[in-house]
Number of protein chains: 2
Amino acid sequence: MARGEQGKGAKRKAILEAAVRVFAEKGYFGARMRDVAAVAQVADGTLYLYFDSKEDLLTAVLEEHAQAFVERARRDCAQLSDPRHMLQTVLERHLASLEANRALATVFQIELRHSRKFLRRIAKGQVSQYLQLLQEIVGSGVSQGVFRRELDPKVAARVIFGAVDELVTAWILAQKPSGLKEQVAPLLDVLFYGLCRTTNQEVQEKGGNHERTNHLTGSL
Amino acid sequence: MARGEQGKGAKRKAILEAAVRVFAEKGYFGARMRDVAAVAQVADGTLYLYFDSKEDLLTAVLEEHAQAFVERARRDCAQLSDPRHMLQTVLERHLASLEANRALATVFQIELRHSRKFLRRIAKGQVSQYLQLLQEIVGSGVSQGVFRRELDPKVAARVIFGAVDELVTAWILAQKPSGLKEQVAPLLDVLFYGLCRTTNQEVQEKGGNHERTNHLTGSL
DNA sequence: CGAGACTGAATGAAGGTTCAGTCAGGGGGG
DNA sequence: CCCCCCTGACTGAACCTTCATTCAGTCTCG
């Protein structure tokens, strides 16, 4: 075996990468298995040596990337104690990893939501683990007294997730691919401090203190 | 003419409603035109007397509902002066109208994201108008001094949109359709006041003041 | 030579769209 | 007043394209 240039899973990996590109470009239903095969430089039938079906192929793409992401995010968080840092790290990773692979990002933002079937399957698995992680971060922030006591961690986690998700979708749809990582700062600013001017702040801070975004150096 | 029981556009309307139901149940690509025809109690060919194609049918569903929604939201806002009230009203309407028609909500949350093509078309139109409205609300909040000066209205609008959107998607995917409107309060709580405990609040308010949510009766 | 990886033309199902026909109403002529 | 024909909305069976998937065969390595 190992006819190809490299190791064993090389062909499988090639197919997965081709799938990301083709799914990203045409969408799941618009993508032809033939196209995937062509991009992977493989015969049509070969796809079926590695994946049971088109659906299985998409699922594999989604699950493997999502799983890797959530695992890494968890590992990163384990090293930190301040929930604000955790959130920053996780969101930075989230945006950076999608920014690094626009095709993959497209598949995640668009194809993942394709049908209730896919959404449910993935939502039950990886995405819910991601939400779970966010929820835990919020929860620990609350119990540490860093985050507000009144928060509903479930809703807060969804707000965070939805916000990042929306930024990514906007980035995907934009023709001029501006930076994504750069949006972490303003995003965190809104998430941490909200829209409203606190009554207490009403008078203080007059100057153009636009560097509120650098919160992580202030306290703690 | 007017063979049907009612007025002219009755058949067209029936088809649109049927389309919402079928698209919601099976997804765009899973939906059969035959099913739509059957639900609308109309022959297959009749669909093509009113709509050019399957794609045209989905587009019509999406655009007509979205347009109506944005228009109403704008009208509502025109009656209000406090941007917090505006936000509350708009989000309440958003959640309430989708809660009232789960099938429509499904189409919006899932089918709208089906392909870059649809997403782009709608995103350029109705959705961007919605984002525009949110951005204006944030902007006026900032200039009125109700919202923080440091906000990036564009990012803030996306955060708001993403948050609501995510709540709706979660609701769609949940098998037990719990209330959606009820989530407006905790949502606004997070959006208005953010995650972080303000340093000033550190000491004050100890009691179980879980009614922070009732912000709209406090100041202003 | 055998085993297994790989090929790609052939297959069969599916389903969007078409279009030749049906039918109900109405208007005009007998 | 009745009948007949015309109009056009409506019908739905058939068409035809488009793929996902299969499998009989080829190729290569050990």
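Computed from heavy atoms alone, side chains included, the values below leave out hydrogens, waters and symmetry copies. Reminder, nothing fancy here: chain letters follow the sequence lines and each chain counts from 1.
Using bins of under 30°, 30° to 60° and over 60° for the plane-to-plane angle, the ring pair F161(A)/H94(A) lands in the tilted bin. Using bins of under 30°, 30° to 60° and over 60° for the plane-to-plane angle, the ring pair F108(A)/H65(A) lands in the perpendicular bin.
At the heavy-atom level, L49(A) lies under 4.0 Å from base atoms of the strands shown.
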Can you give me every donor-acceptor pair (side chain of residues 135-142 of chain A, partner residue at least two apart or in another chain, under 3.5 Å) with its distance?
residue, atom, partner, partner atom, Å
E136(A), OE1, R74(A), NH2, 2.7
E136(A), OE2, R74(A), NH2, 2.8
E136(A), OE2, Q132(A), NE2, 3.3
S140(A), OG, I137(A), O, 3.0

Once base and sugar-phosphate atoms are separated, protein heavy atoms under 4.0 Å mark nucleotides 12-19 of chain C, 5' to 3', with B, S and - as ---SSBB-

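Scored by the salt bridge (Lys or Arg N to Asp or Glu O under 4.0 Å) test, D35(B) finds K26(B) as partners (sequence neighbours excluded).
F51(A) has its CZ atom 18 Å from the C1' atom of dT22(D), to the nearest Å.
For Y50(B) and dC10(D), the shortest distance from a side-chain N or O to OP1 or OP2 is below 4.0 Å. In this structure, K11(B) does not reach the dA9(D) phosphate: none of its side-chain N or O atoms is under 4.0 Å from OP1 or OP2.
Remark: K11(B) fails to qualify as a cation-pi partner of Y50(B) under the 6.0 Å distance and 45° angle criteria applied to the six-membered ring.
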Could you walk me through whether E64(B) and R12(B) pass the salt bridge (charged side-chain N to carboxylate O under 4.0 Å, His left out) check?
CA-CA 13 Å; E64(B) 291 181 21; R12(B) 190 188 135 92; 2.4 Å; yes

